[in-house]
Amino acid sequence: MAGAAPDADHDPSGAAPVTVPLRFAYHRAVAPLVWAIVAVGLVEMAVTHLLIASWSRTAALALSVFTLGGLVWLVRALLAMKHRPVLLDRERLVLQVGTIRRVDLPLHAIAGLRPSIERIAMKQRSVLNLALLAYPNLVVDLVAPLPGRRGITTIVHRLDDPAAFAAAWKALGAGG
C-alpha cells in the first residue's frame, strides 16, 4: 500500500529480522527423553516409598516428598522449553534449555558452527551440553572460553530444525 510505513521488524532485503530475534524450537527433540526420566522417576518414587515404608513411614514420606519436589522442578523446566526457544538476531545468540540453563553469546564471540561433534569430545569438561539426553545437532565453537572454572569453549544443543537455523545464520552473514 502506497505511503505505508515500513515494518520496523523486517529487513526490506529479505534477510533476517532486525530487532526481533528469530526463534528456534528444541522441545520436540529434547523433551521426550526427559519426559521418560520423569516417568521412571515416578515409578522409582513409588517403589522406594513402599520399600522404605516397611522400615520407617517417616523416612519414606520424607524421601517421597524430596523426590516429588525434584520431579515437579523437572516438569516445570520441561514445560518452559516450549516458551524459551533458542534466539538469534544480528547481535547475539541465546542458547537455552527451559529454565535449566541459558547462555547469551554476542555473535563476535562465536568462532563457528558445526552440525556434529564426536561422542568422546562431548565428555570434555570444556563442552557445555544443552541437548541434555538427546544427541546434539548444533555445535557452537567459541572464540574464547566462557568465564568460569570449566573454561567452556564449545556449546552443543539439539534443535528441532537445524537447517532453518543454519539458513538464518547464513542470512545474517555471521560466518562460521
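In what follows, residues are counted from 1 in the order of the sequence shown. These numbers were taken from a predicted model, which means no experiment stands behind them.
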Once rounded to the nearest 0.5 Å, what's the spacing between atom [atom1] of [X] and atom [atom2] of [Y]?
| X | Y | atom1 | atom2 | answer |
| --- | --- | --- | --- | --- |
| Asp141 | Ile117 | CG | CD1 | 7.5 Å |
| Asp160 | His27 | CG | NE2 | 6.0 Å |
| Arg57 | Ile52 | CZ | CD1 | 13.5 Å |
| Leu79 | Leu74 | CG | CG | 9.5 Å |
| Trp73 | Ile100 | CH2 | CD1 | 4.5 Å |

Checklist entry - According to the side chain to side chain donor-acceptor pair (under 3.5 Å) rule, which pairs have a member within residues 33-46, sequence neighbours left out? => result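 Counting only pairs at least two positions apart or across chains, the side chain to side chain donor-acceptor pair (under 3.5 Å) contacts touching residues 33-46 are Glu44-Thr48.
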Item to check | CZ/Arg150: more than 12 non-hydrogen atoms of other groups inside 6.0 Å | outcome: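 It does: Arg150 CZ has more than 12 such atoms within range.
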Checklist entry - Hey, is OH on Tyr135 packed in by over 12 heavy atoms from elsewhere, all under 6.0 Å? => result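 For Tyr135, atom OH is crowded (more than 12 foreign heavy atoms under 6.0 Å).
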Within the structure provided, determine whether [X] and [Y] are in side-chain contact (heavy-atom separation under 4.5 Å).
| X | Y | answer |
| --- | --- | --- |
| Asp89 | Val94 | no |
| Leu130 | Val86 | no |
| His49 | Leu63 | no |
| Arg76 | Thr99 | no |
| Val38 | Val75 | yes |
| Tyr26 | Arg84 | yes |
| Arg114 | Thr154 | yes |
| Val103 | Val140 | no |

So which heavy atom on [X] is nearest to which on [Y], and how close?
| X | Y | value |
| --- | --- | --- |
| Ile37 | Leu133 | CG1-CD1, 3.5 Å |
| Ala168 | Leu22 | CB-CD1, 3.5 Å |
| Ala29 | Ala134 | O-CB, 3.8 Å |
| Pro115 | Val139 | C-CG2, 4.4 Å |
| Leu172 | Arg90 | CD2-CG, 3.6 Å |
| Leu132 | Met81 | CD1-CE, 3.7 Å |

Next on the checklist: Using the rule given for side-chain contact (heavy atoms from CB on, under 4.5 Å), can you reason through Leu107 versus Leu93, listing the C-alpha separation, both sets of side-chain angles and the distance that settles it, and then say yes or no?
Outcome noted: CA-CA 6 Å; Leu107 292 187; Leu93 171 62; 4.2 Å; yes
Among the clusters formed by ILVMFWY side chains lying less than 4.5 Å apart, do [X] and [Y] turn up in the same one?
| X | Y | result |
| --- | --- | --- |
| Leu105 | Ile152 | yes |
| Leu159 | Val156 | no |
| Val34 | Leu95 | yes |

Checklist entry - Excluding sequence neighbours, so at least two apart, what forms side-chain hydrogen bond (donor to acceptor under 3.5 Å, both in side chains) with Asp104? => result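 Residues passing side-chain hydrogen bond (donor to acceptor under 3.5 Å, both in side chains) with Asp104: Arg92.
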Checklist entry - Does Pro85 offer a backbone N or O that forms a donor-acceptor pair with the side chain of Gln96 under 3.5 Å? => result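 Here the side-chain-to-backbone pair exists.
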Next on the checklist: Run Phe165 and Leu113 through side-chain contact (heavy atoms from CB on, under 4.5 Å) and show every step you take.
Outcome noted: CA-CA 11 Å; Phe165 180 84; Leu113 301 178; 3.5 Å; yes
Checklist entry - Between Arg101 and Leu128, does a side-chain contact (heavy atoms from CB on, under 4.5 Å) hold up when you go through it step by step? => result CA-CA 10 Å; Arg101 185 74 191 257; Leu128 175 61; 3.5 Å; yes
